[in-house]
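Down below is the structure, laid out as structure tokens.
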Amino acid sequence: ERRGRRVSPSLVVAASLAAAGLSAAVGGALADHLPSHGATALLAEPLRGWIPQLLCLPALVGAALALGDPSRRPRLDGTAATGDDRRRDGAVRPRDEAAEAAP
């Protein structure tokens, strides 16, 4: 049981892209090896078409959210931005090291 633990967004992206690739590969193999079979017409086209596209949606949403959220972008010094670093327009303020060191 995993209460309170979030699934890593990177894991979701990797799993969705792997599932999309597997789906396309299975659809391609069906169409290649069983071209005249009745199940191929029913399964191969969706497995090579809209099913991989649907499985790629979590990766696309994750990428869009990561690009749109300034707090998830790494800083030049390698640390993550915090909520108090944001300006009113959502951009991240640069850190003033001298101001932080002053008591």
Side-chain angles (χ1 to χ4, degrees):
E1 189 172 65
R2 296 179 55 172
R3 287 191 183 172
R5 293 182 64 191
R6 287 183 39 171
V7 176
S8 168
S10 300
L11 181 64
V12 171
V13 167
S16 67
L17 292 177
L22 183 64
S23 169
V26 168
L30 274 175
D32 223 16
H33 296 294
L34 300 170
S36 61
H37 199 271
T40 302
L42 181 66
L43 294 174
E45 287 304 315
L47 283 172
R48 291 188 302 165
W50 62 269
I51 292 177
Q53 292 175 1
L54 187 66
L55 290 170
C56 284
L57 283 179
L60 180 64
V61 168
L65 290 176
L67 288 174
D69 186 7
S71 67
R72 294 180 67 180
R73 292 186 191 142
R75 294 175 174 260
L76 293 177
D77 62 359
T79 62
T82 60
D84 60 343
D85 292 332
R86 289 191 187 181
R87 295 190 309 223
R88 191 185 262 174
D89 63 355
V92 177
R93 290 188 189 117
R95 271 195 188 167
D96 185 12
E97 299 293 331
E100 289 180 5

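Screening residues 18-28 for salt bridge (charged side-chain N to carboxylate O under 4.0 Å, His left out), with sequence neighbours left out, gives no hits. Sorted pairs that involve residues 10-39 and meet salt bridge (charged side-chain N to carboxylate O under 4.0 Å, His left out), not counting sequence neighbours, are lacking altogether. Residue pairs that meet the side-chain hydrogen bond (donor to acceptor under 3.5 Å, both in side chains) test with at least one member in residues 48-68, sequence neighbours left out, are E45-R48.
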Taking distance alone, no hydrogens or angles, what donor-acceptor pairs closer than 3.5 Å link side-chain atoms of residues 11-26 to residues at least two apart or in another chain?
unit_1, atom_1, unit_2, atom_2, d
S16, OG, V12, O, 3.2
S16, OG, V13, O, 3.0
S23, OG, L47, O, 3.1

Donor-acceptor pairs under 3.5 angstrom involving side-chain atoms of residues 54-61: please list them, not counting sequence neighbours.
none

